[in-house]
Amino acid sequence: MTISLTQQLAYYKEYQYKVVRMVGKARANAMFSGGIHLLSAGSSDFIQNYYINPILNRAYTPDQFSNLLLGSYSAFVQNLYGMGVRKIGVTTLPPTGCLPAVITLFGGGSNQCVGRLNQDAVSFNNKLNRTSQILQNKFPGLKLVVFDIYQPLLDLVTKPTDQGFFESRKACCGTGTIETSLLCNARSVGTCSNATQYVFWDGFHPCEKANQIIAQCLLEQGFSLIS
C-alpha cells in the first residue's frame, strides 16, 4: 500500500506530538533537528506508475512528469523544515533501465539496459540536485544531501566481476526476469543457490551483497549530515 506524502507528514506530526509529551518540547526539538531524515524520490513513481500507466504516458512527457515529482519533493522538504527538521538525505533514481524486470518489460527482447529509461533517470537526478541546492540555499541551517545510487549500481551492472559478481542481467529469484515481492521466497522455482553471485535479488532490488557496496558509497557521500 502506498502512503501519500500528505499522510506521511500527518503521521510524522502525530509522532512528534507523542515525543514532545514523552520527553518535553526542548529535548524533542533537539531530536527532530538533530535526527537524519532519509527520503526516496521518484523510483516507484516512474517504474510502478508512469511507465506502465498509459494515461500518464499520454498526459506527460518524462520531463514534465519529473517536474511534477520534484514540485512535490520541494514542498515535502519545506514542510519538514517547518516541523523542525534540519538534516535530510534523499536518494536519486537508480539506473532504472538496468533493472531485470524493466529489461524484461521494456527491452524489446534484448538483455541490455534500456537506454531511454536510464536517460530519464539521469535527467531526473540532475533536476533533483539542482532543486536540492536551491532548497539548501534558501533555508538557514538546512543540511540536504543527495545520495547518488545511480552510478554505484550502474558500475555493478556494467562491471560485475570487479566486485565478485557473476550475473548482473538476471536476478537470483525465480526466472530472474520479472518476479518480486511475494513471488520471491525460498520455494520460488528456479531461485539461485548463491545470491552473492547475483547483483539483483529480484526483478527490482539488489541483493544483500550489492546493497552493502552501495551503502558504503552512500556513507561516504553523507558525512556532512553527521558533522
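Numbering starts at 1 and runs along the sequence shown.
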Name the orientation class of the two ring planes belonging to Y51 and F46 (parallel below 30°, tilted from 30 to 60°, perpendicular beyond 60°).
-> tilted
Any side-chain heavy atom of N57 sitting closer than 4.5 Å to one from F65?
-> no
Side-chain heavy-atom pair F124, L70 within 4.5 angstrom cut-off = yes
Taking a hydrophobic cluster as the set of Ile, Leu, Val, Met, Phe, Trp and Tyr residues connected by side-chain heavy atoms closer than 4.5 Å, whether directly or through intermediates, do M22 and M31 fall within one such cluster?
-> yes
Quick one: does T96's side chain have a donor or acceptor within less than 3.5 Å of a partner on L117's backbone?
-> yes
Side chains of C98 and L154 in contact at under 4.5 Å (non-hydrogen atoms) | yes
Kindly determine whether K127 and L69 satisfy side chain to side chain contact (heavy atoms under 4.5 Å, CB included), including the steps that lead there.
-> CA-CA 10 Å; K127 291 182 183 181; L69 296 181; over 6 Å; no
Which heavy atom of F32 sits nearest a heavy atom of H37, and at what distance?
-> O-CE1, 3.2 Å
Which atom of F204 lies closest to which atom of A101, heavy atoms considered | CZ-CB, 3.5 Å
Is any side-chain heavy atom of Y17 less than 4.5 Å from a side-chain heavy atom of R21?
-> yes
Does a sphere of radius 6.0 Å around CD in Q64 hold more than 12 heavy atoms from other residues, nucleotides or ligands, not counting ones at 6.0 Å or beyond?
-> yes
Taking every non-hydrogen atom, the tightest pair across L99 and F200 = CD2-CE2, 3.6 Å
Give, for atom CZ of R130 and atom CG of N125, the distance between the pair rounded to the nearest 0.5 Å.
-> 11.0 Å
Close side-chain approach of Y12 to N79, heavy-atom, < 4.5 Å | no
Decide yes or no on side chain to side chain donor-acceptor pair (under 3.5 Å) for Q133 and N129, but give the supporting numbers first.
-> CA-CA 6 Å; Q133 189 60 58; N129 276 286; over 6 Å; no
Would you check, one step at a time, whether the test side chain to side chain contact (heavy atoms under 4.5 Å, CB included) holds for L5 with Y73?
-> CA-CA 9 Å; L5 294 180; Y73 161 72; over 6 Å; no
Any donor-acceptor N/O pair, E167 side chain to Q197 backbone, under 3.5 Å = no
Would you confirm whether S123, through its side chain, and Q119, through its main-chain N or O, come within 3.5 Å as a donor-acceptor pair?
-> no
Linking I/L/V/M/F/W/Y whenever any side-chain heavy atoms sit under 4.5 Å apart, do L142 and I134 land together?
-> no
Inter- and intrachain pairs under side-chain hydrogen bond (donor to acceptor under 3.5 Å, both in side chains), touching residues 142-157, at least two apart | Q151-D155
Can you check side chain to side chain donor-acceptor pair (under 3.5 Å) on Q136 and S132, steps first, answer last?
-> CA-CA 6 Å; Q136 183 156 276; S132 299; over 6 Å; no
Counting N and O atoms only, with roles assigned by atom type, does the side chain of D202 sit under 3.5 Å from a partner on the main chain of E179, one being a donor and the other an acceptor?
-> no
Flag side-chain contact, heavy atom, 4.5 Å: L153 against V199 = yes
Beyond-backbone contact of D63 with S66, side-chain heavy atoms, under 4.5 angstrom = yes
Thiol sulfurs of C173 and C192 closer than 2.5 Å | no
Please check if the distance between the ring centroids of Y60 and Y50 is under 6.0 Å.
-> no
Please check if atom NZ in K87 has more than 12 non-hydrogen atoms from other residues, nucleotides or ligands closer than 6.0 Å.
-> yes
Does L68 share a hydrophobic cluster with L56, counting links as ILVMFWY side-chain heavy atoms below 4.5 Å and allowing steps through other members?
-> yes
Looking only at heavy atoms, which two atoms of T92 and I149 are closest? And how far apart?
-> OG1-N, 3.1 Å
What distance separates T177 OG1 from R169 CZ, expressed to the nearest 0.5 Å?
-> 14.5 Å
Between S40 and T91, is there a donor-acceptor pair closer than 3.5 Å when you use the side chain of the first and the backbone of the second?
-> no
Pairwise distance CD(Q216) to CD(Q212) - rounded to 0.5 angstrom | 10.0 Å
Are any side-chain N or O atoms of T131 and backbone N or O atoms of L128, one a donor and one an acceptor, separated by less than 3.5 Å?
-> no
Nearest-0.5 Å distance that lies between atom CD1 in I213 and atom CG in L218 | 12.0 Å
F139 vs Y81 aromatic rings, parallel, tilted or perpendicular, using cut-offs 30° and 60°?
-> tilted
Going only through I, L, V, M, F, W and Y residues with side-chain contacts under 4.5 Å, is there a path from W201 to V189?
-> no
Does G84 offer a backbone N or O that forms a donor-acceptor pair with the side chain of S33 under 3.5 Å?
-> no
Going only through I, L, V, M, F, W and Y residues with side-chain contacts under 4.5 Å, is there a path from V102 to L183?
-> no
Between S188 and T191 the two heavy atoms that sit nearest each other are O-OG1, 3.0 Å
Closest non-hydrogen contact found for C113 with N118 is CB-ND2, 3.9 Å
Starting at CG of L80, measure out to CG of L39 and round the result to the nearest 0.5 Å.
-> 6.5 Å
If only atom types and distance count, is the side chain of K209 paired as donor or acceptor with the main-chain N or O of Q163 below 3.5 Å?
-> yes
What is the distance from atom OG1 of T180 to atom NE2 of H205, rounded to the nearest 0.5 Å?
-> 5.0 Å
